[in-house]
Visitor: 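Below you will find the structure I want to go over with you.
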Amino acid sequence: MILNVQRHVHDAVTDALRRQFGLAEVPPFAIEVPPSRALGDLAVAVAFQLARTLRKAPRAIAGDLAAALTDLPGVARVVAAPNGYLNLYLERRPFVAARARGEVAWDPQPAEKTIVEHTAINPNKAAHVGHLRNAALGDTLVRVLRLRGTPVEVQNYIDDTGVQVADVIVGFRELEHLSLTDVQRIADSTRFDYYCWDLYSRVTEWYDGNATRLAVRASALHDLERGGNETAAMGAFIVDRIVRAHLKTMARLNIAYDLLTYEGDILRLQFWAHAFGILKDQGAVFLQTDGRHQGCWVMRIEEGGLGAPEPGEPEEESREKVIVRSNGVVTYVGKDIANQFWKFGFLGRDFHYRRFAAQATGHPLWATTSTDGEPGAPPFGHACRIYNVIDSRQMYLQALLSQALRTLGHAKEAENSVHFSYEMVALSHATARELGYPPAEGDDAKKPFVEVSGRKGLGVKVDDLLDLLATKASAEVSKRNAELSVEESERVAAQIATAAIRYFMLKFSRGKLIVFDMEEALSFEGETGPYLQYAVVRANNIFRKLEDRDGLVEADVLSGLDELPDDELRSGDGEPDAHDLWALVFEAARLDDIVEQTIRALEFSILAKYAFGLAQLFNAFYHRYPILNEDDAARKRWRAAGVAYFRQQLTQALDLMGIAVPTRM
RNA sequence: GCGCCCGUAGCUCAGCGGAUAGAGCACCCGCCUCCUAAGCGGGGGGCCGCCGGUUCAAUUCCGGCCGGGCGCACCA
């Protein structure tokens with residue numbers, strides 16, 4: 001809740017520059033936050049930028065500006081620092097009082113309908129930590145956008161007709177010789193997503209044993225795509241069960257969706273045929289009659305795109321991407337283009353929809369279907385902006401999507417097709433060893449990490465990780481809070497587990513490969529989700545006790561702040577590392593600025609680090625300044641007001657990261 | 001070969017061109033008659049990979065190297 005102040009300071013400085021120096025054009029400049037409160041609350045470095053054009057020393061410019069900036073509402077004083085910075089100190093009392101009372105609201109942003117697609121796990125096995133990063137980033141993006149008033153539709157793409165599902169079908173059939181009813185029985189009596197996890201890796205080994213077995217897969221895949229046969233029926237069953245397992249896992253992490261988009265529906269409803277028609281009409285794809293891609297429909301890749309020429313091959317060919325194979329089967333790229341067209345609403349066709357499940361959010365989850373749609377579905381699709389949350393390995397394919405849109409004259413949509421890209425999650429050697437995998441050999445041993453592989457069954461399952469965290473949290477909770485009921489204690493443990501894992505997934509910037517290490521992820525100390533929760537729990541405890549002991553509720557604390565002596569707002573001034581009330585409130589106020597930065601950079605580590613820093617500031621304040629035991633009534637009230645604002649802001653920040661605040665810890 | 005990402009403390013990572021380069025972990029020292037020690041305070045530890053360029057100012061921007069990762073299928 002600092003952006004409004006920054007804006008009016010910016011305007012005032014611009015105005016002062018015009019008046020003082022007769023500048024018609026004021027160069028763009030930023031309102032910064034100085035490294036410590038002793039230097040001021042806001043700072044402007046514009047004097048450096050103007051030194052040359054004005055032929056004047058930065059310090060002198062800053063001095064003139066300071067003199068011109070009188071009577072700025074909300075600003076107590078303006079100081080020209082010796083180095084040329086212009087530093088501003090805010091009026092503290094009204095700043096604190098208004099914010100603690102919640103009188104400074106979020107700016108509504110102009111909003112256009114946005115689709116965020118994330119998770120999109122192949123529905124043939126349990127979710128692992130690699131999938132987790134995707135879902136955590138995607139869900140956080142959704143939360144941040146929604147806070148700013150953007151209407152967001154969350155889609156989860158289900159590849160129900162792909163190779164991975166076919167492989168599990170092959171496993172049930174060829175390795176276990178089971179029928180659909182057998183599989184159904186297994187699903188009802190086992191942890192089915194775990195069962196398929198193991199089966200999938202066994203199938204991979206089976207293929208490796210004899211290459212001719214791949215023909216079985218090809219045939220299964222063909223049946224799966226065509227539908228109306230037993231293979232497809234078994235596939236539909238497996239997919240449904242696994243998708244429900246994924247949703248359950250994600251619900252543990254406070255992740256929900258609006259729509260499941262099934263690839264099978266894209267095929268059955270001829271979305272691809274329509275998209276293909278459009279692409280052909282516009283000349284975006286053509287039938288290659290020669291060379292390596294003979295008989296394929298290909299798309300020309302733009303200059304600077306992908307493609308490595310094979311030795312001796314003309315460069316032309318490497319600049320083509322196959323969209324339809326010579327056997328007439330469309331590739332993933334083609335299906336994705338059709339899906340993207342639909343999301344923007346210019347495919348000219350729509351899905352039918354069915355209610356799929358209830359969710360903890362209260363919003364029903366819908367799924368696409370090819371027939372028998374239910375009434376009451378919201379108007380899905382027709383977005384102005386699309387974020388596809390997919391790891392960086394699929395960069396080229398995402399670039400092709402934009403290219404296809406551009407070729408068809410949809411420049412704006414191409415621009416608004418955002419590949420929200422992030423680096424993958426790998427495993428540390430130590431964690432791979434703990435999971436029982438043999439030490440890597442050869443070149444793999446030299447790598448600093450082990451790659452997660454669903455095919456090999458090598459990975460940490462999300463539910464296992466959550467269970468481990470919850471068990472550990474449960475022990476810690478009951479150790480400290482013997483009076484809690486078993487149910488409450490378990491609820492808190494689950495919240496702590498979710499916090500630990502979600503914070504862990506967000507604290508790294510998205511361009512950084514995460515080498516997942518179990519020991520590190522299980523930590524509750526230092527820069528972790530539980531540390532952040534703990535800070536808010538402490539703040540909440542203060543208010544609980546304030547009510548128990550003094551009969552004061554938050555509203556009592558916040559009323560009458562305007563008349564109270566405000567010495568407390570200057571405590572700690574002049575000290576180099578201020579852990580005082582003003583520093584805490586000021587930092588808490590920066591959340592809106594941080595959210596803006598986060599969206600601009602699509603970088604949630606900014607939000608995560610900010611929340612952590614704010615919690616640190618509070619913990620330091622907490623240790624230094626008593627509240628319940630403070631004798632001076634005015635100081636006590638101001639401190640409590642600061643704590644009220646802090647918990648309001650950090651709770652909000654945690655909510656953006658999908659982290660709840662437990663009742664006790 | 002081409003494209004993208006990464007290179008900052010022993011380890012894992014932050015650092016929207018600006019004020020003494022920070023945090024967590026690990027290590028050492030201190031703090032529970034005091035609102036929960038999942039905490040707090042203090043300490044040691046840095047050619048910000050290397051070389052150039054732009055700039056009043058470069059860890060930050062640009063170029064070139066070096067090292068590591070990932071892509072560049074009629075897989076998804």
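In the text below, chain A, chain B and the rest are named by the order of the sequence lines, each starting its count at 1. Keep in mind it's a predicted model, so treat the numbers as computed, not measured. We use all heavy atoms of the structure for the numbers below, so side chains are in, but hydrogens, waters and symmetry mates are not.
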Visitor: Remember a base hit wins even if backbone is also touched, and classify V492(A) as base, sugar-phosphate or nothing at under 4.0 Å, heavy atoms.
Guide: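 The answer is nothing, as V492(A) stays clear of every strand by at least 4.0 Å.
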
Visitor: Checking only heavy atoms, does the side chain of S392(A) share a donor-acceptor pair with the base of C4(B) at less than 3.5 Å?
Guide: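 Answer is no: no donor-acceptor pair is held.
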
Visitor: Categorize N541(A) for me: base, sugar-phosphate, or nothing, with a 4.0 angstrom heavy-atom threshold over every strand shown.
Guide: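 Touches a base.
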
Visitor: Which base sits across from G3(B) as a Watson-Crick or G-U pair, both distances under 3.5 Å?
Guide: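 C70(B) - that is the nucleotide pairing with G3(B), both distances being under 3.5 Å.
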
Visitor: Would Y85(A) pass as stacked on A19(B), i.e. its ring centre under 5.5 Å from the base's six-membered ring centre and planes under 30° apart?
Guide: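 The base of A19(B) is stacked with Y85(A) (centres under 5.5 Å, planes under 30°).
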
Visitor: Base, sugar-phosphate or nothing for A43(A)? Non-hydrogen atoms, less than 4.0 Å.
Guide: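 The answer is base, as A43(A) lies within the cut-off (heavy atoms under 4.0 Å) of a base atom.
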
Visitor: Can you tell me how the ring of F276(A) sits relative to the ring of W272(A), calling it parallel under 30°, perpendicular over 60° and tilted otherwise?
Guide: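 F276(A) vs W272(A) ring planes: parallel.
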
Visitor: Could you tell me whether Y531(A) and F612(A) have their ring centroids closer than 6.0 angstrom?
Guide: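 Ring centres of F612(A) and Y531(A) closer than 6.0 Å.
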
Visitor: Please evaluate the base of A76(B) for a donor-acceptor partner in the side chain of D159(A) within a cut-off of under 3.5 Å?
Guide: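 Between A76(B) and D159(A), which were checked side chain against base, a qualifying N/O pair under 3.5 Å is absent.
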
Visitor: Which part of the nucleic acid, if any, lies within contact of Q294(A), taking any heavy atom under 4.0 Å across all strands shown: a base, the sugar-phosphate backbone alone, or nothing?
Guide: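 Contact class for Q294(A): base.
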
Visitor: What is the distance, to the nearest angstrom, from the CZ atom on R544(A) to the C1' atom on C35(B)?
Guide: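 To the nearest whole Å, that distance equals 10 Å.
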
Visitor: Round to the nearest Å and state the distance from I337(A) atom CD1 to A76(B) atom C1'.
Guide: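 Taking CD1 of I337(A) and C1' of A76(B), I get 14 Å after rounding.
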
Visitor: C74(B), OP1 or OP2 - any side-chain N/O from H293(A) closer than 4.0 Å?
Guide: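 Yes, because at least one side-chain N or O of H293(A) sits under 4.0 Å from OP1 or OP2 of C74(B).
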
Visitor: Just checking N124(A): base, sugar-phosphate only, or nothing, at a heavy-atom cut-off of under 4.0 Å?
Guide: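 Counting heavy atoms under 4.0 Å across all strands, no contact is made by N124(A).
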
Visitor: Which glycosidic conformation, syn or anti, is assigned to C4(B) if syn requires a torsion within 90° of zero?
Guide: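 Glycosidic conformation of C4(B): anti.
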
Visitor: Taking any heavy-atom pair under 4.0 Å as a contact, classify Y531(A): base, sugar-phosphate, or nothing.
Guide: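 Touches sugar-phosphate only.
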
Visitor: May I ask you to evaluate whether R52(A) reaches the phosphate of C56(B), defined as a side-chain N or O under 4.0 Å from OP1 or OP2?
Guide: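 R52(A) to C56(B) OP1/OP2: side-chain N or O found under 4.0 Å.
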
Visitor: Can you check whether Y396(A) has a side-chain N or O nearer than 4.0 Å to OP1 or OP2 of C5(B)?
Guide: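 Checking C5(B) against Y396(A), no side-chain N or O comes under 4.0 Å of OP1 or OP2.
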
Visitor: Counting only side-chain N and O atoms of Q616(A), is one of them less than 4.0 Å from OP1 or OP2 of G24(B)?
Guide: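 For G24(B), OP1 or OP2 has a side-chain N or O of Q616(A) closer than 4.0 Å.
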
Visitor: Does F48(A) have its ring centroid less than 6.0 Å away from the ring centroid of Y85(A)?
Guide: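 Distance test on ring centres: under 6.0 Å, yes.
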
Visitor: Taking OP1 and OP2 of G22(B), is either one under 4.0 Å from a side-chain nitrogen or oxygen of K609(A)?
Guide: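 For K609(A), the contact criterion (side-chain N or O under 4.0 Å from OP1 or OP2 of G22(B)) is not met.
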
Visitor: Hey, does I496(A) reach any base, or is it just sugar-phosphate, or nothing, if we go heavy atoms under 4.0 Å?
Guide: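 The answer is base, as I496(A) lies within the cut-off (heavy atoms under 4.0 Å) of a base atom.
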
Visitor: Nearest-Å distance, CZ (R637(A)) to P (C35(B))?
Guide: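 Computing the R637(A):CZ to C35(B):P distance gives 22 Å.
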
Visitor: Are F621(A) and F646(A), when compared by the centres of their aromatic rings, separated by less than 6.0 Å?
Guide: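 Ring-ring flag for F621(A)/F646(A): false, centres at least 6.0 Å apart.
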
Visitor: Is the phosphate of C35(B), meaning OP1 or OP2, less than 4.0 Å from a side-chain N or O of R639(A)?
Guide: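 Result: no.
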
Visitor: Just checking R480(A): base, sugar-phosphate only, or nothing, at a heavy-atom cut-off of under 4.0 Å?
Guide: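 Here R480(A) touches the bases of the nucleic acid.
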
Visitor: Quantified in whole Å, what is the P atom distance between nucleotide A21(B) and nucleotide C2(B)?
Guide: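 38 Å, rounded to whole Å.
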
Visitor: Verify, without hydrogens or angle tests, whether T53(A) (side chain) and L50(A) (backbone) share a donor-acceptor contact under 3.5 angstrom.
Guide: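 A pair under 3.5 Å: yes.
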
Visitor: Does V333(A) reach a base, just sugar-phosphate, or nothing at all? Heavy atoms under 4.0 Å.
Guide: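 V333(A): no heavy atom of the nucleic acid under 4.0 Å.
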
Visitor: With a 4.0 Å cut-off on heavy atoms, is Q533(A) in touch with a base, just the backbone sugar-phosphate, or nothing at all?
Guide: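 It contacts nothing in the nucleic acid.
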
Visitor: With heavy atoms under 4.0 Å as the rule, sort G511(A) into base, sugar-phosphate or nothing.
Guide: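 The residue G511(A) makes sugar-phosphate contact but no base contact.
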
Visitor: Compute the ring centroids of Y157(A) and H118(A), then answer whether they are less than 6.0 Å apart.
Guide: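 No, the ring of Y157(A) stays outside the 6.0 Å limit from the ring of H118(A), centre to centre.
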
Visitor: Would you say A38(B) has OP1 or OP2 under 4.0 Å from some side-chain N or O of Y534(A)?
Guide: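 Looking at the OP1 and OP2 atoms of A38(B), one of them is under 4.0 Å from a side-chain N or O of Y534(A).
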
Visitor: Within the structure shown, what part of the strands sits under 4.0 Å from L513(A) by heavy-atom distance: base, sugar-phosphate, or nothing?
Guide: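 The answer is sugar-phosphate, as L513(A) gets under 4.0 Å only of primed atoms, P, OP1 or OP2.
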
